[in-house]
Amino acid sequence: MKRTAYIILTKVPAPGFVKTRLTPIVTASTAAKIQQAMLQNLLKQSAQVRQHIDIFLAYQGQTAAVTRSFLQRLPQWVHVFPQISGSLGEKMSAAIANCQQLGYQHVILSGSDIPQLSASIMRQADQALVTTPTVLGPTLDGGYYLFGARQINVAPFLAADISWSSASVLATTQQLLAEAQQAVTLLPKLQDVDFAADWAELAPLLEEKP
């Protein structure tokens with residue numbers, strides 16, 4: 001068994017279901033294609049580390065038929081399981097706990113909308129957990145794109161009362177970790193795609209365009 005699991009937390013790309021904050025500028029169909037392109041890019045990066053890290057995808061689907069079709073098109077080396085209902089933090093916490101219960105010593109989780117997230121950074125996150133019990137990848141807007149932990153209970157840091165759409169997410173999480181005396185390593189700061197301006201800046205990084 002490998003030491004590390006990497007989880008991609010994502011919605012199934014479907015018009016009107018994903019990246020809705022892009023839709024004032026682009027159509028719902030284009031927003032879904034953008035989500036699919038970013039996910040495909042992340043899977044390509046994940047493929048470069050899968051010799052040493054098992055890859056999981058925690059999904060939230062809109063309809064059974066669309067979800068089934070999406071899952072059937074994933075590479076066979078991607079392990080899948082559904083997200084639970086609840087807040088973003090509760091979904092993240094449950095996904096990490098799921099892999100911890102499978103026996104992984106290091107569990108790393110990210111969203112799927114980070115075109116700058118590379119195989120190199122995934123390896124850095126894994127290596128960071130050798131020296132600290134947690135790792136965070138900050139975003140430019142005050143949030144974070146990645147959370148990783150050893151075999152510790154992450155619920156107090158993720159399923160807490162956090163305003164996930166605010167610019168204080170990273171600072172709040174760091175405070176919760178500090179109060180619990182859990183050291184954290186910070187990865188390079190990256191930009192995620194929340195708005196059309198973010199996509200316009202980061203789209204050139206993707207090999208496959210929507």
Side-chain angles (χ1 to χ4, degrees), residues 2-12 18 35 38-39 41-50 52-60 74 77-130 132-139 141 143-160 162 164-165 169-170 172-174 176-177 180 182-194:
K2 297 183 178 73
R3 176 184 67 182
T4 305
Y6 168 52
I7 308 166
I8 301 170
L9 193 80
T10 187
K11 288 184 176 180
V12 174
V18 297
Q35 172 71 10
M38 291 190 293
L39 180 57
N41 178 69
L42 196 51
L43 288 171
K44 285 185 176 180
Q45 296 300 317
S46 301
Q48 298 179 38
V49 303
R50 71 185 183 93
H52 303 290
I53 299 175
D54 281 339
I55 311 302
F56 289 79
L57 186 140
Y59 63 89
Q60 178 185 351
L74 290 172
W77 45 265
V78 177
H79 309 278
V80 301
F81 60 88
Q83 298 174 24
I84 68 163
S85 299
S87 69
L88 175 59
E90 290 167 340
K91 292 173 185 288
M92 294 167 62
S93 177
I96 290 173
N98 184 51
C99 285
Q100 288 175 328
Q101 290 165 9
L102 292 174
Y104 291 97
Q105 298 305 302
H106 295 177
V107 182
I108 301 161
L109 178 144
S110 80
S112 59
D113 58 352
I114 317 102
Q116 295 172 314
L117 180 51
S118 64
S120 174
I121 292 178
M122 295 175 193
R123 294 188 189 99
Q124 288 181 49
D126 184 29
Q127 189 60 35
L129 292 175
V130 174
T132 59
T134 63
V135 60
L136 282 168
T139 53
D141 60 5
Y144 58 84
Y145 61 87
L146 180 148
F147 182 97
R150 296 178 189 164
Q151 279 280 352
I152 63 171
N153 179 18
V154 299
F157 319 119
L158 298 178
I162 297 175
W164 290 100
S165 59
V169 173
L170 177 66
T172 299
T173 305
Q174 287 179 291
L176 291 170
L177 289 168
Q182 296 288 354
V184 60
T185 297
L186 293 182
L187 298 172
K189 190 175 290 187
L190 302 181
Q191 181 174 341
D192 56 358
V193 175
D194 289 327

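Below, all heavy atoms of this structure are taken into account, side chains as well, without hydrogens, waters or symmetry copies.
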Derivation of the side-chain contact (heavy atoms from CB on, under 4.5 Å) call for C99 and L109: CA-CA 10 Å; C99 285; L109 178 144; over 6 Å; no
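- In this structure, the side chains of Q124 and P188 come closer than 4.5 Å at one or more pairs of heavy atoms.
- Within a 6.0 Å sphere centred on NZ of K189, heavy atoms belonging to other residues, nucleotides or ligands number 12 at most.
- Nearest heavy atoms, Q100 versus R150: NE2-O, 2.8 Å.
- Put simply, CD1 on I7 and CG on L146 are 10.5 Å apart, with the number rounded to the nearest 0.5 Å.
- Here N41 contributes atom CG and D113 contributes atom CG; the two are 11.5 Å apart, rounded to the nearest 0.5 Å.
- For Y104, the ring pair (Phe, Tyr, Trp, His ring centres under 6.0 Å) partners are F56, not counting sequence neighbours.
- Closest of all the heavy-atom pairs between L9 and A95 is CD1-CB, 4.5 Å.
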Given side-chain contact (heavy atoms from CB on, under 4.5 Å), test V184 with F157 step by step and report yes or no. CA-CA 12 Å; V184 60; F157 319 119; over 6 Å; no
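- Tested against Y6 for a side-chain contact (heavy atoms from CB on, under 4.5 Å), the candidates I55, D54, D126, V107 yield a single pass: I55.
- Considering all non-hydrogen atoms of both residues, A149 and I152 come closest at CB-CG1, 4.0 Å.
- For the residue pair Q35 and T10, a side-chain donor N or O sits within less than 3.5 Å of a side-chain acceptor on the partner.
- Residue I108 holds its CD1 atom at 10.0 Å from CD1 of I96, rounded to the nearest 0.5 Å.
- Considering CG of L42 and NZ of K44, their distance stands at 12.0 Å, rounded to 0.5 Å.
- Remark: side-chain polar atoms of R123 are not paired, donor with acceptor, to backbone N or O of S118 under 3.5 angstrom.
- One distance of note links CD of Q83 with CG of L57; it measures 8.5 Å at 0.5 Å rounding.
- Without hydrogens or angle criteria, S93 side chain to G89 main chain gives no donor-acceptor distance under 3.5 Å.
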V154 vs M92, test: side-chain contact (heavy atoms from CB on, under 4.5 Å). Steps then yes/no. CA-CA 9 Å; V154 299; M92 294 167 62; over 6 Å; no
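- The minimum heavy-atom distance linking S46 with I8 is given by the pair OG-CD1, 3.9 Å.
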Steps toward side-chain contact (heavy atoms from CB on, under 4.5 Å) verdict (V130, R3): CA-CA 11 Å; V130 174; R3 176 184 67 182; 3.7 Å; yes
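- Between G103 and Q151, the shortest heavy-atom distance links the atoms C-NE2, 4.0 Å.
- Distance CD/Q127 to OG1/T4: 9.5 Å, rounded to 0.5 Å.
- Considering all non-hydrogen atoms of both residues, P115 and V193 come closest at CD-CG2, 3.9 Å.
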